[in-house]
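Just below is one structure, and these are the notes that go with it.
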Amino acid sequence: MKEEVMKRIIDGIAGLPTLPTVLQRATKLLQDPDISAADVGRVIVKDQAIASKVLRLVNSAFYGCQRQISTISQAVVILGFNIVKNLILSVSVFESFSYDSQTEGFDRYRFWEHSIACGAATRVISRHLGVKDPEEAFVGGLLHDIGKLVLEQFLNEEFVKILRLVNERGVPFLVAEEEVLGMGHPEVGRSLAQRWNLPPPLEETIAYHHNPASAEVELKLVSACHLADVLVKAMGIGHSGDDFVPEINKRIWEGLKLDLKTISGWLGEIGDEVEKSSSFLTLFKEEEGGGEVAQTDT
Amino acid sequence: MKRLRTTELQPGMVVAKVVTDIAGRILVAEGVTLNEGLISRLCQRDVDVVWVKGDGEEGSLSPEEIERTKEKIQEDLDRRFRLVIEDPLMGGLKDRIFDYLVRREGE
Ligand SMILES: [Fe+2]
Ligand SMILES: [Fe+2]
């Protein structure tokens, strides 16, 4: 059963486009210490769709820039290679999953709302935990539940069954997945991460966000995403298939010497960052919601 | 200036603070006079509250409104935490989240 499911997932994923070559080229460039911002800009501008979305995001409140950034090279100079690279990655993932779907009981807009909020919260918590790269942490949070979209796209019948179990029996999504498929979205997401050659910390975040103590490469990053998922669900932001708050993993709680007072102290900052990150939601379906509502009649 | 639930809006009221959707796009600008069409579109866009010009203490909710808001927050938290509420850590977290959401709602 499990082997058969895995085979269908792998076959499905094999049909997905690889992440755009522009990302691969940019990543390679960024590893070269002698590279200039203009070189990076030139590579990215070749993909206009991605470049314009990246520019829109760098000018959003999330990055808090005082002045308008109008070219990719400028973005690299002002915000740094790392932020721009992670933005290209985020935009590319949105593009890969921008298929039209109508699965009853699953609202993809609210799914991205959960994911984006989780990305913002993971970034805040990562800073507090001293994770090396908070920008990568944002992408980890953004992608943590990506396995669910793989299931929605390639095993839709089973996905619907899982949703039905969640609603009828009131069990968490992960429990329903195990029952229907013999595996859960973390494992499914991991296959995608491998196919896309995502960096190991991101692969681990996807694979272990429900079980962070198993992480080997970046325990703090995976723990940050695990906590972010708990807090975002507790605050009721977005919807990822069920609305149950998962239990905090006690091993990482004790290992990181956390307490409730510390967590409460982070909530305001998390709320603010989540609000700012909502500009990422505009990546989800441009045309949706456009300017049909009256702006002003003064 | 007073803060009203979208369901309490009436045609003719004047918007006192720009209304945006979750993605930050402007739905109604400051100074716009509301009509039936605008109000129903705000409802469709899941906008919860709107600031309108007029009497009422700055930003204050009536005691009944505060009570109702707290009850609603508590109800939602009970539902979301129902599978983990036996766990003392999660019970404690739920109380902290309650305080945070009430504070945020009051801002
Ligand atoms: Fe998950
Ligand atoms: Fe999640």
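Letters go in sequence order (proteins before strands), and every chain restarts at 1.
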If you count the non-hydrogen atoms of other residues, nucleotides and ligands that lie under 6.0 Å from CZ in R251(A), is the total more than 12?
no
Which portion of P246(A) sits near chain B, non-hydrogen atoms under 4.5 angstrom
backbone
Which atoms of L77(B) come close to chain A, meaning under 4.5 Å heavy atom to heavy atom: side chain ones, backbone ones, both, or neither?
side chain
Value rounded to 0.5 Å, distance of CZ in R103(B) from CG in L267(A):
7.5 Å
In terms of heavy-atom contacts, E247(A) and M90(B) come closest through CG-CG, 3.9 Å
Rounded to the nearest 0.5 Å, what separates atom CE in M235(A) from atom CG in L101(B)?
7.0 Å
Mind checking the CG-CG spacing from L93(B) to L231(A)? Nearest 0.5 Å is all I need.
6.0 Å
Region of I263(A) in contact with chain B, defined by heavy-atom distances below 4.5 Å
side chain
Could you tell me whether a side-chain N or O of R80(B) sits under 3.5 Å from a main-chain N or O of A234(A), the two making a donor and an acceptor?
yes
Atom pair CD1 (I270(A)) and OH (Y100(B)), whose distance is rounded to the nearest 0.5 Å:
8.0 Å
Distance, nearest 0.5 Å, that separates CZ of F81(B) from NZ of K233(A)
11.0 Å
For K250(A) and L89(B), run side-chain contact (heavy atoms from CB on, under 4.5 Å): C-alpha distance rounded to whole Å, both residues' side-chain angles, the deciding distance at 0.1 Å, then the answer.
CA-CA 9 Å; K250(A) 302 291 184 300; L89(B) 172 61; 4.0 Å; yes
Is D87(B) close to chain A through its backbone or its side chain, or both, or neither, when contacts mean heavy atoms under 4.5 Å?
side chain
Minimum heavy-atom separation for E275(A) and R104(B), please, with both atom names.
OE2-NH2, 3.0 Å
